[in-house]
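Read the structure below first, then the notes.
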Amino acid sequence: MDDELTRLFRAITTGFHSRLEQLPAHELLQLPLFQARLFGAIGRNPGVTQQALAKGTARDKAQVARAIAELERRGFVSKAAHESDWRAHGLFLTEEGGRIWAIAEHQRRDLVADTFKGLSQQEKGALRDILEKIVVRLESGGDTGS
């Protein structure tokens, strides 16, 4: 049963990413999936740092730095002094990046709505509760005291 659940998680993740790559906004960006993921994270969290992105994506700082440099080179992202840490820079979308992100975010939200269509609010709530338990277990390294 556990292996089947793991297979289903993988199928959901792979299927969702595949559908994201098929969205028209992805054509506008023409970015590899990891760069597109960072682009979206910056759009949802203006001022986020590279360090926070590295932690949130479980990638090393060098990978994130290279991807951010490419997003800057393409004119989608800019850096500004971080408001609370002088050693860090916050990342922001440029005007062009913001324009494309708004289109991409609208399409992503439509995809999310379509993905969960047919589930009742009660089913969505139960699924959220179950997934939160799994996330806590994974983030704790499996040591939750239970």
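Position 1 is the first residue of the sequence; numbering continues from there.
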Which is it for Val77 and Thr94 under the side chain to side chain contact (heavy atoms under 4.5 Å, CB included) test, yes or no, and what are the steps along the way? CA-CA 5 Å; Val77 171; Thr94 62; 5.6 Å; no
Apply side chain to side chain contact (heavy atoms under 4.5 Å, CB included) to the pair Glu96 and Arg74, showing each step before the final yes or no. CA-CA 10 Å; Glu96 176 67 3; Arg74 299 273 307 274; over 6 Å; no
Decide side chain to side chain contact (heavy atoms under 4.5 Å, CB included) for Thr115 and Ile12; before the verdict, give the C-alpha distance in whole Å, the side-chain angles of both, and the deciding distance to 0.1 Å. CA-CA 10 Å; Thr115 300; Ile12 290 167; over 6 Å; no
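Scored by the salt bridge (charged side-chain N to carboxylate O under 4.0 Å, His left out) test, Lys133 finds no partners at all (sequence neighbours excluded). With sequence neighbours excluded, the residues forming a salt bridge (charged side-chain N to carboxylate O under 4.0 Å, His left out) with Glu70 are Arg73, listed by chain and number.
Residues in residues 30-57 take part in these salt bridge (Lys or Arg N to Asp or Glu O under 4.0 Å) pairs, two or more places apart or across chains: Arg44-Glu105.
Residue Glu95 holds its CD atom at 11.5 Å from OG of Ser78, rounded to the nearest 0.5 Å. Rounding to the nearest 0.5 angstrom, the gap separating the CG atom in Leu31 from the CD1 atom in Ile100 is 8.5 Å. Rounding to the nearest 0.5 Å places CD of Glu4 at 4.0 Å from CZ of Arg7. Annotation: the span from Leu91 atom CG to Leu53 atom CG amounts to 6.0 Å, rounded to 0.5 Å. To the nearest 0.5 Å, atom CD of residue Glu132 and atom CD of residue Glu139 are 10.5 Å apart. Between the NZ atom in Lys124 and the CZ atom in Phe116 there is a gap of 8.0 Å [rounded to 0.5 Å].
Taking the side chain as every heavy atom from C-beta outward, Ile134 and Phe9 approach each other to under 4.5 Å. Arg19 places none of its side-chain heavy atoms less than 4.5 Å from the side chain of Leu23. Within the 4.5 Å cutoff, no side-chain heavy atoms of Trp101 are placed close to those of Ile42.
The neighbour count for Gln122 CD, taken as heavy atoms of other residues, nucleotides or ligands under 6.0 Å away, does not exceed 12.
A chain of hydrophobic side-chain contacts below 4.5 Å, direct or via other Ile, Leu, Val, Met, Phe, Trp or Tyr residues, connects Ile130 to Phe16. Hydrophobic clustering (ILVMFWY, side-chain heavy atoms < 4.5 Å, transitive): Leu131 and Leu138 are in one cluster.
Taking all atoms of both residues into account, the shortest heavy-atom contact from Phe92 to Ala80 is CE1-CB, 3.8 Å.
With Leu119 as the fixed residue, the side-chain contact (heavy atoms from CB on, under 4.5 Å) test singles out one of Lys117, Gln121, Glu123: Glu123.
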